[in-house]
Each structure stands twice: as C-alpha cells, then as structure tokens.
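As structure tokens, the structure follows; a few thoughts come after it.
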Amino acid sequence: MEKKLYIATAIPYVNGTPHIGNALDYLLGDIWTRYQKQNGHDVRFQVGTDEHGNKIAAKAAELGITPKAYTDSTYVNFENLMKKMMTSYTDFVRTTDDHHVASVQYIWETLKPYIYKGSYQGWYCVGHEAFFTDKEVQATNGICPDHQIPYQQVSEDNYFFKTSAFTDRIKLALTDGTMQILPEFRKLEFLDLIKDGLDDVSVSRPKKNLTWGIPVPGDPEQIMYVWLDALANYITVLGYPDRPEWKEYWPADVQVIGKDILRFHAGIWPAMLLGLGLELPKKLLVHGFVNIGGAKISKTVGNVIDPNVIIDTYGLDAFRYFFSRHIPTLDDGDFTWEKFENAYNNELGNDLGNLIQRVASMILKYQAGVIGETGQAEHDMTAYHAAMDGLEFNKAVDEVWNMVRSLNQYIDNVKPWEVAKGIGKDPEAEPHLAEILSHCAGALVQIGDLLIPFLPATATRIHEIFESGVIKLPEGVLFPKLYIHTPDPHAPKA
RNA sequence: CGCGGGGUGGAGCAGCCCGGUCAGCUCGUGUGGCUCAUAACCACAAGGUCGUAGGUUCAAAUCCUACCCCCGCAACCA
C-alpha cells in the first residue's frame with residue numbers, strides 16, 4: 001500500500017478571533033496541498049480547533065453559557081476564515097469531538113507506562129484559583145494584579161508524562177533526518193534547547209483547578225491538561241486508533257507550526273508518538289511571525305490586522321499572494337498596508353494582470369481571438385520545484401515572477417505590433433506573428449499552472465482565457481488599481 | 001562571558017559555507033524607448049568605506065581575532 005500524503009496544521013485556541021498567524025498556517029498548508037494534488041497525489045489536509053481549558057471555561061461562565069456552547073459559537077470564526085481563504089482542507093477536528101475525546105483517553109491508557117504521579121509546584125493565586133508562570137509572576141512583581149495578593153508557591157498532585165525517556169531517540173531522529181525541522185536553524189536551536197535532555201511535562205490538573213477538559217481515565221480527580229489532548233488531534237482526526245484508514249496517512253509528511261510552538265511539536269509530540277509506537281512526522285514546517293511595520297503584533301498595542309479586512313478589500317488572491325511571497329515561508333515577515341498595496345498594484349496589476357491583458361488583446365486584435373498552435377513553452381522550472389520541495393514557497397513565487405518578467409521582456413523584444421504591420425506585404429509576417437502570440441499564450445498557461453497552489457482563482461481565470469484556443473476575455477481587468485493606503489499617482493495635483 | 005539570528009547604495013534583501021568571474025536582485029529616483037496593454041511595458045543611468053578595528057592572503061563582503069550596534073529566545077507561552 002502506497003502511503004498517501006498528509007499535512008497537518010496547528011490548531012488554534014478558540015477563545016479569540018482568528019489572527020494573521022492562523023491565516024498563515026492555513027495558507028501554507030493549502031499551498032502545499034494544492035501543489036501535491038496538482039502533481040497527482042492523494043492528500044489529506046487537517047485543520048481544527050483547540051477547545052478545552054480554563055480560559056474557555058472562564059469566558060463561558062462570564063457569558064453564562066456552557067463551555068461547549070461557547071466554543072460552538074467561536075470555532076466558526078476559524079472555519080469561516082478557512083472557507084474564505086479557499087483552504088482545501090479535508091478534515092476539521094475539534095478537541096471537543098466525541099471521537100477525539102475517546103481517542104485521547106485511549107492514548108492516555110496506552111502511554112500509561114510513561115505516565116507517573118508527581119507533584120507540580122508553581123506560583124498560585126488564591127483569587128484566580130490557578131497557577132501562573134514564572135514570567136507572569138515576575139512581570140507583576142509577585143503580586144496578582146487582579147486580586148492584589150501575592151502569589152504563593154503551592155504544589156499539587158498531577159500526572160507527568162515521561163518525555164525525558166525519549167530524548168535520545170528524538171535527538172537521533174532530528175540528526176539523521178527522520179524528522180526534519182525546516183528551516184535548519186530552528187532545528188539547531190531546538191537541539192541546543194534539549195542538550196541536557198527533555199523535562200517531563202505535567203499532563204493533568206486536579207479537577208478543582210481545571211474543570212473543562214478530558215477526564216483522566218481511572219482517576220476522577222484529574223483532568224487532562226492541554227498537551228496530550230491538543231497534540232493528539234493530528235492522529236485522532238485520521239481515525240486513530242479505531243478506524244484503520246489512519247495508517248494510510250500517518251506519518252504526516254508536513255506539519256505546519258509557528259516558531260512559538262516548535263518546542264512542543266519537536267519535543268512532547270514526538271515523545272507521545274514514540275510512546276505509542278508510531279512514526280514521527282517527516283517534516284515540521286516552522287514559520288515565523290508577521291510583524292506590522294516592524295512591530296510585534298499585540299492586542300494591547302492595538303496593531304492587530306484582521307485577515308478578513310484584507311481579503312474583503314483586495315480580494316483573496318491578493319491576500320494569498322502577499323503572504324506567500326512577501327512573508328518568507330520559513331522566517332519572520334513584515335506587513336504594512338503600504339507594502340501590501342504596492343505589491344498589489346505593481347506586481348499583480350502591472351506585472352501579471354497587464355501582461356495577461358496585453359497578450360489577450362493582441363490575439364483579439366490581430367487574430368480575431370484565435371490562438372493557433374500553442375507551441376509548448378518550456379521554461380526551466382527546476383528552481384520552482386526545488387523551492388516547493390524545500391518548503392520555501394516565497395522563492396517559488398519569485399520564480400513565477402521571473403517568468404512574468406521575461407515574458408514582458410520577450411514581447412518588447414519581438415514587437416508583435418511591428419510584425420502585425422507587415423501583414424499583407426510580407427508573406428512571412430502572418431505565420432511569424434501567430435507563432436509569437438501562441439508562444440505568449442503558452443507561456444501564460446504555464447504561469448497559470450505554476451500559480452495554482454498560490455492564486456487558485458487567478459490560475460483558473462488565466463486558463464479560461466487562454467486554454468480553449470480562442471481568447472475568452474471577461475469584462476474587467478485582473479487586479480484593478482487600488483489606492484487606499486498609497487497616493488494615487490494619477491490623481492490631479494491639489 | 002546564557003543561546004540564536006543579523007548589520008551590504010533611500011527601503012527590503014541575495015551573495016558569505018566552497019576567498020578572485022561579486023558588488024547582485026526587487027522597490028523607489030532620473031533619463032530614454034515603445035504604443036499590444038491596467039498612464040501599463042522595456043532599456044539605460046545615478047547611488048554602497050559590504051557595522052568598526054586589526055590579521056591571514058598575490059587577492060576578502062566572503063577566512064581569523066577583537067569590539068560596537070540591532071533583533072528574537074531563555075520551557076508549560078498553541
């Protein structure tokens with residue numbers, strides 16, 4: 001049985017609305033999925049939501065509804081964004097799904113040899129009835145800002161998962177490439193982080209401190225903490241352990257995560273898999289953060305950008321274009337409205353949109369729309385495919401734009417409009433012109449092919465215009481100019 | 001002496017591993033060309049002590065040493 005492809009994305013916590021980072025996960029997953037499907041592969045593409053935990057419970061209590069009712073109302077925000085982005089996912093997992101809950105309990109049972117009871121010690125606020133991290137305690141000088149009482153060192157009983165037992169095997173998998181982390185420097189960072197070994201993690205909380213979560217099998221006093229619950233989604237969604245089809249897809253070919261959660265996905269998650277006797281994911285695609293004008297996105301600063309607004313203003317393909325090309329796939333990137341609009345106007349409008357327009361219009365004008373023999377344009381696509389394989393999607397788009405640029409150059413060099421003037425005088429002119437224009441059309445079809453993973457709607461449109469042998473130019477141009485955040489160069493001077 | 005990344009024309013970057021053919025690309029600016037096209041496209045030009053100071057070498061953005069500056073991370077943060 002040939003293994004089918006599987007890509008998974010991190011599941012966001014649904015106590016907020018989707019942000020640009022979530023959108024980036026979906027976009028990268030979708031680009032990969034479309035690319036693989038285009039190459040004839042069967043791909044399963046998971047997305048989902050993480051719905052347990054105290055923050056959800058507190059929010060729900062505030063609203064006077066059950067936690068489940070609350071997440072029922074918020075997870076759709078994420079689902080809506082995915083749909084809006086034309087994310088071609090095949091599976092949507094919610095950690096509150098019955099099957100997930102049951103599977104996680106099975107996983108707990110199976111991992112029992114590596115689970116032991118211990119005591120967790122940390123800073124506790126009596127008012128919150130919850131633990132806080134060292135960082136939070138430090139930031140507040142040891143006093144809870146909400147209750148004006150000092151945090152106390154408190155210990156509580158809970159279960160620990162023995163990730164330490166798997167340190168060596170995980171290190172080996174990273175070193176020998178069984179589990180790749182891309183980019184490479186993230187792998188080095190992580191290896192450095194665990195050079196002294198992985199620490200065991202606390203995987204449950206007493207019921208009094210954590211109410212909303214999956215019960216620990218065989219211990220009614222304990223509720224599972226986020227780790228086993230959330231990370232397990234990548235296999236429970238495939239049907240693990242009861243639906244055998246999961247075996248056709250696991251191990252994941254790619255898992256898309258943000259740099260902030262690498263340590264969990266490169267540490268705890270592989271440890272879980274090894275404990276279950278399963279293979280490790282082949283690649284972890286670690287993307288960076290999107291900054292806004294060089295600054296970190298922060299709710300308190302209020303510089304949060306809603307992906308929905310971008311899509312509503314400029315269209316989905318413009319959104320997909322910017323975030324796949326101008327936010328480096330494997331590193332941090334920067335968003336500003338000005339950069340976005342410049343990319344939209346100059347690259348999508350002038351470079352690509354105008355190119356399509358000029359070629360289509362020449363064929364209409366000189367040949368009544370008949371394209372003729374589409375000479376197979378064979379541009380060297382090695383660099384494009386190498387970039388796709390290396391999960392450097394931004395470089396792949398760069399390659400496409402090199403093609404756009406050279407086609408524009410080609411047209412200026414051969415001057416079809418000059419050739420057209422020779423028709424009627426020079427017998428060679430007509431076939432020569434036909435040859436030139438069919439070459440252009442062929443090149444555009446190829447560009448359309450390469451854009452399928454990135455700009456699905458635009459790719460379809462290019463194919464519609466050029467593929468039938470007769471130009472079918474719809475009303476209106478592709479990517480009409482927009483001057484919302486940048487000055488309109490054609491505006492009359494004040 | 002915590003770990004990591006980085007400092008290249010106005011902006012953003014590539015090149016550095018494997019020293020010379022490297023000072024390159026995109027945007028921006030200027031000039032010109034063209035007219036098929038979304039006042040688009042194409043060509044050319046101006047602009048850089050390649051963070052600083054030493055060193056190695058016939059030769060350094062590229063290797064070595066020291067220093068300065070910027071940015072992440074520093075474990076329970078999805």
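All heavy atoms count here, side chains included; hydrogens, waters and symmetry mates do not. In what follows, chains are A, B, ... by sequence order, proteins preceding strands, each numbered from 1.
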Which is true for A:I257 with a 4.0 Å heavy-atom rule: it touches a base, it touches only sugar-phosphate, or it touches nothing?
nothing

Under the ring-ring contact (aromatic ring centres under 6.0 Å, His included) test against A:Y314, which residue among A:F323, A:F340, A:F322 passes?
A:F340

Grab the CG-C1' distance between A:L188 and B:G4 for me, whole Å please.
9 Å

Any strand, both distances under 3.5 Å, Watson-Crick or G-U wobble: B:G19 pairs with none

Run the salt-bridge test on A:E347 and A:R325 with the 4.0 Å N-O cut-off and return the result as yes or no.
yes

Length of the CG-P vector between A:N354 and B:A39, whole Å
8 Å

Nearest-Å distance, OH (A:Y225) to C1' (B:A75)?
12 Å

Would you say B:U26 has OP1 or OP2 under 4.0 Å from some side-chain N or O of A:R405?
yes

Regarding A:R205 and the six-membered ring of A:Y225, is the cationic atom NZ or CZ under 6.0 Å from the ring centre and inside 45° of its axis?
yes

Within the 4.0 Å heavy-atom criterion, would you say A:N408 contacts the bases, only the backbone, or no part of the nucleic acid?
sugar-phosphate

Can you see if the side chain of A:N346 gets near the phosphate of B:G28 - specifically, an N or O under 4.0 Å from OP1 or OP2?
yes

Could you please name the partner base of B:U49, counting Watson-Crick and G-U wobble pairs only when both distances are under 3.5 Å?
none

Does any N or O donor sit under 3.5 Å from an N or O acceptor when you compare the side chain of A:W227 with the base of B:C76?
yes

Does OP1 or OP2 of B:C34 have a side-chain N or O of A:R358 closer than 4.0 Å?
no

For B:A75, take OP1 and OP2 only and decide whether either is under 4.0 Å from a side-chain N or O of A:K195.
no

Do A:E338 and A:T336 meet the criterion of a side-chain donor-acceptor pair at a distance under 3.5 Å?
no

Closest to the side chain of A:S361, out of B:A37, B:C3, B:C76, is B:A37

In this structure, how many angstroms lie between the P atom of B:C76 and the NE2 atom of A:H52, rounded?
23 Å

Using a heavy-atom cut-off of 4.0 Å across all strands, would you classify A:H326 as base, sugar-phosphate, or nothing?
nothing

Describe the nucleic acid contact of A:K259 in one word from base, sugar-phosphate, nothing, applying a heavy-atom distance below 4.0 Å.
sugar-phosphate

Separation of A:D260 atom CG from B:C71 atom P, in whole Å?
20 Å

Whole angstrom is fine here: how far is it from CG in A:D351 over to C1' in B:C42?
12 Å

Between A:D334 (CG) and B:A11 (P), how many Å, whole number?
14 Å

Side-chain N or O of A:Q409 closer than 4.0 Å to phosphate OP1/OP2 of B:A43
yes

Return the CG to CD1 distance between A:L228 and A:I268, rounded to the nearest 0.5 Å.
8.5 Å

note: A:D331, atom CG; B:C73, atom P; distance rounded to Å ~ 13 Å

